[in-house]
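Bear in mind the structure is a predicted one, so any value in this text is a computation, not a measurement.
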Amino acid sequence: MKNNITALIDFFYPPFRKFIPIQTFRYLACGGSNTLLDIFVYFISYNFILHKQNFVWGPLVISPYIMAFIMSFAVSFPTGFFLMRNVVFHDSNLHGRVQLFRYFLLVVVCIFINYVSLKVLVENFHIYPTIAKIITTFIVVCFSYLTQRNYTFKVKEGAEKGSSL
């Protein structure tokens, strides 16, 4: 499956060859696709599974927009990890469990950056929320790419794939 996904993405790469490296193109394709999947699952969960109603589980009551986030995260987190590990950063020689833990930490940091950036841009700088989201997304995508390349899925020189750090 990973070979088919990689081949499909690489098929569309030639027009972009002059502008960005293949790894960056794959990152944008995989990350963009996973983001669309996340939004789609969120929309379906919120509107058609939860019917915009609170989710009640015993004494716990979760608002529909938070539960939809949890549901979409449960889908987009593993697919995002699969795509980043097997399509974008396939040459990493770190153990899978190390990559998974680092990927999870990165996602948590990205959620925090999203939250803080949106709050500051909208509430302090009075930037229109959609524009603030675009600015925030650009910051998070750049941070995420650099962190994944240099930390989460880094290639340790002289080490074989799967070796420990």
- prompt: Taking side chain as C-beta onward, heavy atoms only, is His90 less than 4.5 Å from Arg85?
  reply: no

Nearest-0.5 Å distance, CD1 of residue Ile139 to OG of residue Ser117: 5.0 Å

query: Taking side chain as C-beta onward, heavy atoms only, is Lys133 less than 4.5 Å from Thr137?
result: yes

message: Measuring from atom CG of Leu100 to atom CZ of Phe81, what distance do you get when rounded to the nearest 0.5 angstrom?
response: 4.5 Å

- request: Would you confirm whether the ring centroid of Phe12 sits within less than 6.0 angstrom of the ring centroid of Phe25?
  value: no

- prompt: Run the side chain to side chain contact (heavy atoms under 4.5 Å, CB included) check on Tyr42 and Met71 step by step: do they pass?
  reply: CA-CA 7 Å; Tyr42 182 92; Met71 294 166 77; over 6 Å; no

field: Leu118 and Pro129, any side-chain heavy atoms less than 4.5 Å apart
entry: no

message: Is there a side chain to side chain contact (heavy atoms under 4.5 Å, CB included) between Lys2 and Phe82? Walk through the geometry before answering.
response: CA-CA 9 Å; Lys2 66 183 179 181; Phe82 172 83; 4.1 Å; yes

query: Going by heavy atoms in the side chains, are Ile62 and Asn54 under 4.5 Å from each other?
result: no

query: Any idea how Phe104 and Phe73 line up, ring-wise: parallel (<30°), tilted (30 to 60°), or perpendicular (>60°)?
result: perpendicular

task: Would you sort out whether Ser92 and Gln99 count as a side chain to side chain contact (heavy atoms under 4.5 Å, CB included), showing the intermediate values?
output: CA-CA 9 Å; Ser92 175; Gln99 293 173 341; 2.9 Å; yes

query: Are Tyr151 and Tyr145 connected in a single hydrophobic cluster, I mean Ile/Leu/Val/Met/Phe/Trp/Tyr linked by side-chain heavy atoms less than 4.5 Å apart?
result: no

query: Do the side chains of Ile131 and Phe125 join up, straight or via other hydrophobic residues, at under 4.5 Å, putting them in one cluster?
result: yes

Approximate separation, where rounding is to 0.5 Å, of Thr147 OG1 and Leu106 CG: 5.5 Å

- request: To the nearest 0.5 Å, tell me how far Met84 CE sits from Ser144 OG.
  value: 6.5 Å

query: For the hydrophobic clusters of this structure (ILVMFWY residues joined by side-chain heavy atoms under 4.5 Å, transitively), does one cluster hold both Ile111 and Val116?
result: no

query: Val122 and Ala132: which non-hydrogen atoms are nearest, and at how many Å?
result: CG2-CB, 3.7 Å

message: Within the 3.5 Å criterion, strictly below it, is a donor on Asn34 or Thr79 matched to an acceptor on the partner's side chain?
response: yes

- prompt: Phe77 and Val107: side chain to side chain contact (heavy atoms under 4.5 Å, CB included), yes or no, with the steps?
  reply: CA-CA 8 Å; Phe77 179 80; Val107 168; 4.0 Å; yes

- request: Flag the pair Ile113 / Val109 as yes when at least one side-chain heavy-atom distance between them is below 4.5 Å, and no otherwise.
  value: yes

task: Go through the side-chain N and O atoms of Asp38 and Ser72 and say whether any donor and acceptor fall under 3.5 Å apart.
output: yes

query: Under a 4.5 Å side-chain heavy-atom rule over Ile, Leu, Val, Met, Phe, Trp and Tyr, are Phe112 and Phe138 clustered together?
result: no

field: Option from Val87, Ile9, Ile20, Val88 for which side-chain contact (heavy atoms from CB on, under 4.5 Å) with Tyr27 holds
entry: Val88

field: In one Ile/Leu/Val/Met/Phe/Trp/Tyr side-chain cluster, 4.5 Å: Ile70, Val61
entry: no

message: Against the six-membered ring of Phe153, is Arg102 placed for a cation-pi contact (under 6.0 Å from the centre, within 45° of the normal)?
response: no

query: Do other residues, nucleotides or ligands put more than 12 heavy atoms under 6.0 Å from the OH atom of Tyr13?
result: yes

- prompt: Ignoring hydrogens and geometry, is there a side-chain-to-backbone donor-acceptor pair from Tyr103 to Thr152 under 3.5 Å?
  reply: no

field: Reported CE-to-OG1 distance for the pair Met1 and Thr6, which is rounded to 0.5 angstrom
entry: 10.5 Å

message: Could you tell me if Asn93 and Lys154 have a donor-acceptor pair between their side chains, going purely by distance under 3.5 Å?
response: no

message: I want to check something: taking the side chain as every heavy atom from C-beta on, are Phe40 and Ile44 in contact at a cut-off of under 4.5 Å?
response: yes

- prompt: Do Phe55 and Pro64 come close enough that some side-chain heavy atom pair is under 4.5 Å?
  reply: no

query: When the ring planes of Phe48 and Phe43 are compared, do they come out parallel, tilted or perpendicular, using 30° and 60° as the limits?
result: perpendicular

field: OG1 on Thr136 to OH on Tyr115, rounded to 0.5 Å
entry: 13.0 Å

